[in-house]
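Atom set for the values below is all heavy atoms of this structure, side chains included, hydrogens, waters and symmetry mates excluded. Only a predicted model underlies this, so the values are computations on that prediction, with no experimental measurement involved. In what follows, chains are A, B, ... by sequence order, proteins preceding strands, each numbered from 1.
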Number of protein chains: 4
Amino acid sequence: MTVRVGVIGTGMIGQDHIRRLTEVVTGATVTAVTDLDAARAAEVAATVGAAVLPDGAELVNSPDVDAVLVTSWGPTHAEHVLNAIAAGKPVFCEKPLATTAEDCLRIVEAERAHGSRLVQVGFMRRFDPGYRQMKEVLAAGTLGAPLMVHCAHRNPTVPDAYHSAMAAQDTAVHEIDVLRWLLDDEIVSAQVVTPRATSKRFAHLKDPQIMIFETVSGVRIDLEVFVNCQYGYDIQCEVVGEDGLVRLPDPAAVNVRTAAAGHATAVMQDWKVRFAEAFDTEFREWIASVATGAEPTGPSAWDGYAATVITDAAVHSLESDGTVVSADMKPRPAFYGGAA
Amino acid sequence: MTVRVGVIGTGMIGQDHIRRLTEVVTGATVTAVTDLDAARAAEVAATVGAAVLPDGAELVNSPDVDAVLVTSWGPTHAEHVLNAIAAGKPVFCEKPLATTAEDCLRIVEAERAHGSRLVQVGFMRRFDPGYRQMKEVLAAGTLGAPLMVHCAHRNPTVPDAYHSAMAAQDTAVHEIDVLRWLLDDEIVSAQVVTPRATSKRFAHLKDPQIMIFETVSGVRIDLEVFVNCQYGYDIQCEVVGEDGLVRLPDPAAVNVRTAAAGHATAVMQDWKVRFAEAFDTEFREWIASVATGAEPTGPSAWDGYAATVITDAAVHSLESDGTVVSADMKPRPAFYGGAA
Amino acid sequence: MTVRVGVIGTGMIGQDHIRRLTEVVTGATVTAVTDLDAARAAEVAATVGAAVLPDGAELVNSPDVDAVLVTSWGPTHAEHVLNAIAAGKPVFCEKPLATTAEDCLRIVEAERAHGSRLVQVGFMRRFDPGYRQMKEVLAAGTLGAPLMVHCAHRNPTVPDAYHSAMAAQDTAVHEIDVLRWLLDDEIVSAQVVTPRATSKRFAHLKDPQIMIFETVSGVRIDLEVFVNCQYGYDIQCEVVGEDGLVRLPDPAAVNVRTAAAGHATAVMQDWKVRFAEAFDTEFREWIASVATGAEPTGPSAWDGYAATVITDAAVHSLESDGTVVSADMKPRPAFYGGAA
Amino acid sequence: MTVRVGVIGTGMIGQDHIRRLTEVVTGATVTAVTDLDAARAAEVAATVGAAVLPDGAELVNSPDVDAVLVTSWGPTHAEHVLNAIAAGKPVFCEKPLATTAEDCLRIVEAERAHGSRLVQVGFMRRFDPGYRQMKEVLAAGTLGAPLMVHCAHRNPTVPDAYHSAMAAQDTAVHEIDVLRWLLDDEIVSAQVVTPRATSKRFAHLKDPQIMIFETVSGVRIDLEVFVNCQYGYDIQCEVVGEDGLVRLPDPAAVNVRTAAAGHATAVMQDWKVRFAEAFDTEFREWIASVATGAEPTGPSAWDGYAATVITDAAVHSLESDGTVVSADMKPRPAFYGGAA
């Protein structure tokens, strides 16, 4: 069975996912799109032979749509996801699930009422081969209990619209999700401190930031977020356990030796390239679950809620001079795996 | 348009490619299969809803088959490829294109008579991201003219049926193809010498072997083929130019530090895993070319012929105590890019 | 001229330095030793033909002693160093310079009164080739202003006598000194937080600890101190600047590939081996300065004072549940390079 | 006891060793020097307070000389070494021991007649920590029997006087010695082939060269010698055994990440820096052996003879278009460890 996907939002990421569903992943076809910018929607639709529908509600309820992909502007996510749940259709929602914890909870409640999982949130790192290898090593137990995690999330630069709270909301949110999954542990507090700022960007932007998270079991995570590091897109992650450590590999790249460069390896510049394989796997596994009628195995609505609560705590800390802020999270329902 | 592929040969590699065409690569469907072992053919066909046809000739000519994939026993390749050319259908043939240089030439002549390229040979390394990065570095010219290449091709072990000539025919043939492409140069001679043999395998098997190739422009290639190296599947390649060198990366893998292992990274054991991404890209690009009616851009019938001639020279050298043996190759027709 | 060194304290580290002065470094001879344990002193003296003197004061004032090496128990350091200054003799004092900031200041004042530098403190990392390369890179300015430093100091295990405050006093003190030098910046506050503790050691020991330091210019340093990490002695240091980063190399070690270990490099177990070259260079440069009558260029009495003040702040933070504690340091006198 | 060393030859390498004996290694003093260039001898002597003697013979026999260091022009080595043996004094001779196999044999015979080892030849790689680690790994047996060795010896460039035979005589001779020691095996044949030559140097110079050696037990060694590789001084060595491999590490160097260089590590340019630690250890161990009256443990006169015979074979092969040339070596006397 070919899964007929309807796509809400045809901006950059929407277009990239449409390309992925059309050219990379088997078993899917894009049958309908919608966008506030109708002209853009029409242009994108034409490239894949999809229908253009007037809005998200109509798209969700179209008989030609088996599953919904939400890649519109963040504040609209909740409405589309709730519509999809109401229609009983699988929905893949790019992060964030919703921009407020309250809206995330509404989705969680709607999904529980529906009785089976329909929602997957687009945290792609869980599908990256490096993180998956780390998870295997941790699961094998050879490192003992995890005690600390050291991470860095560096971008070469960011657009003008990027503001200080986005370091948590848009950037660190990826580590927040992948570490909850990697450690199989919940984050209970966040703290954000600001070292000397880089002079390479706007005065108003606090960059870099150091984010510190603690988990239920006492693991301490430090995460450098540095979005104007100049030199590349560089993701580092090291988990230190009682008996050893495991470190995320740099992407494989040819080694060159020349007089000009010494012994050098290129550093990636683009997150879409860095996590291309993760994105592909993410959609391949999602389409496979939809095709077989199985519940999705990727990040759940609960994970989307947790990420939003923890992100809120981080922003709150940033705005209150680095106070430690508790993540005010509801107890995890059994529906989402109980007390993990 | 979905490309309807007919598959001749449903053994291990055939099954893996059927899975790839069905589950990984978009735009293809397997509509027909055939195999000497009719029961196996039926079993495989059932998993993907394909028809079972009595033999290769019927499969090639079936109206439900747009393109042919040949993964049968090597000695049968030439016949199936010639049939596909006769039918004017694109054909992807696993290596070798044919087991003799004469048969390869018959295919080359048939394709030239047809007037456009129909044949692609299954040398997947040209699609590996590491080799592709090497090619970019060489093309950029920062290393100057290539002078030497050092390679190693190591397998943890091989089955009992593996004999000494297979080191060239089945193993080194991958380097022969990828280096001709990487250097954009032709190999003119081969020499095979045998160091002290490993005691870990049959006395009759000459393992390891060192193969030395020279190209038209004087590049000297040394290739260690060691198919019972015990520790893993390990592919090394370093090109040394006048101004520097470039080295194929090891696959990215997590780094672990423990008391038991020190600072360690896992070594891969399986070529199917090592080159999984290359195989996927190979088929994605092939299906895309077929779907658009374009000529394939992968290894050509001429490349298949050249590989066979050079492999023959290597086996000849092995059997004559390491004499240098010229590769007795016809001039390259303009149809295949002239004098490259 | 051969420098005649008198050694106060013939324990493990004293013996190692005596060996170094006798067998490794040229231009020095050990002429006198003393130790509370007179038998041990006699035994060590016999191996190098040195005299055994009854106490530190007599040794300092012996006409056969040109320069003094203090490797006795920490609480006795201040007295011996003050004696050496009074005698106008160069003195190399193993860390700590003194166990209290007050005693360090007394030494600082005595040295200033003397009018030229006589004291060098035994922080050996400034002599390690890796840190020296980092300093060159930072001095060259290609990384721009430093913003953050990430460090780890891991020991495989520690003896029973090791208690929680020693993580700062004995272990982190090396990073405190080397980072002040590397950044050419002063540390102004310390914070120590405790992640989940390892179960591999005594319940009373807080291990690991994370120490956070801030400098005058706003650089934020995080340092993992984990003294029972099981797997090895592992020192990591990464300085992140506005335009890039520099990372301390792991020690060069052969790479081995086997079925049992994968692709592996041994991890060092012993700090004396890890920093052997640093210790040798430290003493070579010190002896050279003494021989020529020049002032020592290694860590000064002021550096010893600063390390003690900062260490005290860290211990204070540890004992007050991770409060940020200011380093209560006097202004730096011009005698010691002014306001660095 | 301080060893009084007399130095014959005060050129660049002689001066470097005098500095080493004076400033780095303990237990030695340079008491006498001589050089064909008397003015240079006088200048060097003045820096260390040594006497200038008129010639090697007088220096060897001086009562103020306990041990002799020969760093003069190669063709004079044999005479000085024979004089030292005649005088019964330990002698350290820079490579080559002698420029002809016949002269090496005369030294071997003279030393045997003397009855104990006096001669050490200056092959410093045996003292490099990386090669020593390789030797330990091989000795431990975890790799099984060695089968192949892959090496590269690259210099950024060479002076005008360098000619094609020097690739073996001056450059590869270091690998010849260190591999005989590493494998504990004897080389029985040499072959030198020439890939396409670099255009970066004189037309008359054959550069690069590939040297192939075989040992008694059948190990096959390939060695790339490329003395105008432009990018740095780069030494590679990998031993492949039945059960795995071991690789010489690159020197430890800081890793830098910047936009301009990517992820980069400096490549060394200078052999004196690359093997500085090896040189220091070489002299430290030699002086220690002389001081205690023990026989030297470094490369023997026999090793010097073997290196010359094998080098001759390599040059012979180069001059006869790459023929395989047997190393025409006498049986190894029991005095030098028998049949190794």
Segment of D:V267 engaging chain B (4.5 angstrom heavy-atom cut-off)
neither
The test is side chain to side chain contact (heavy atoms under 4.5 Å, CB included); show your working for B:L138 and B:L182 and say whether it passes.
CA-CA 8 Å; B:L138 289 167; B:L182 202 57; 3.8 Å; yes
Heavy-atom contact with chain D under 4.5 Å, split by part of B:V193
side chain
Audit row: B:I212, B:I221, side chain to side chain contact (heavy atoms under 4.5 Å, CB included) steps and yes/no:
CA-CA 5 Å; B:I212 297 144; B:I221 297 160; over 6 Å; no
Identify the heavy atoms of D:V173 and D:A307 that sit nearest to each other, and give their distance.
CG2-CB, 4.0 Å
Passes side chain to side chain contact (heavy atoms under 4.5 Å, CB included), D:M148 versus D:V219? Steps please.
CA-CA 5 Å; D:M148 296 167 284; D:V219 176; 5.6 Å; no
Distance-only check: which donor-acceptor pairs of chain D and chain B lie under 3.5 Å?
| residue | atom | partner | partner atom | Å |
| --- | --- | --- | --- | --- |
| D:H150 | NE2 | B:E224 | OE1 | 2.5 |
| D:R154 | NH2 | B:E238 | OE2 | 3.0 |
| D:R196 | N | B:G218 | O | 2.9 |
| D:S199 | N | B:E242 | OE2 | 2.6 |
| D:S199 | OG | B:E242 | OE1 | 3.4 |
| D:S199 | OG | B:E242 | OE2 | 2.6 |
| D:K200 | NZ | B:D243 | OD1 | 3.2 |
| D:K200 | NZ | B:D243 | OD2 | 3.3 |
| D:G218 | O | B:R196 | N | 2.9 |
| D:E224 | OE1 | B:H150 | NE2 | 2.5 |
| D:E238 | OE2 | B:R154 | NH2 | 3.0 |
| D:E242 | OE1 | B:S199 | OG | 3.4 |
| D:E242 | OE2 | B:S199 | N | 2.5 |
| D:E242 | OE2 | B:S199 | OG | 2.6 |
| D:D243 | OD1 | B:K200 | NZ | 3.2 |
| D:D243 | OD2 | B:K200 | NZ | 3.3 |

Atom CD1 in B:I176, atom SG in B:C151: separation rounded to 0.5 Å?
10.5 Å
Which pair of non-hydrogen atoms, one from B:V192 and one from B:A314, has the smallest distance, and what is that distance?
CG2-O, 3.3 Å
Residue pair D:V315 / D:A168: nearest heavy atoms and the distance that separates them
CG2-CB, 3.9 Å
Minimum heavy-atom distance D:M124-D:A278, with the two atoms named:
O-CB, 3.4 Å
Quick check for you: among D:C229, D:G241, D:G144, D:G232, which has the greatest number of heavy-atom pairs under 4.5 Å with chain B?
D:C229
Whatever's closer than 4.5 Å to a heavy atom in chain B on D:A152 counts as neither
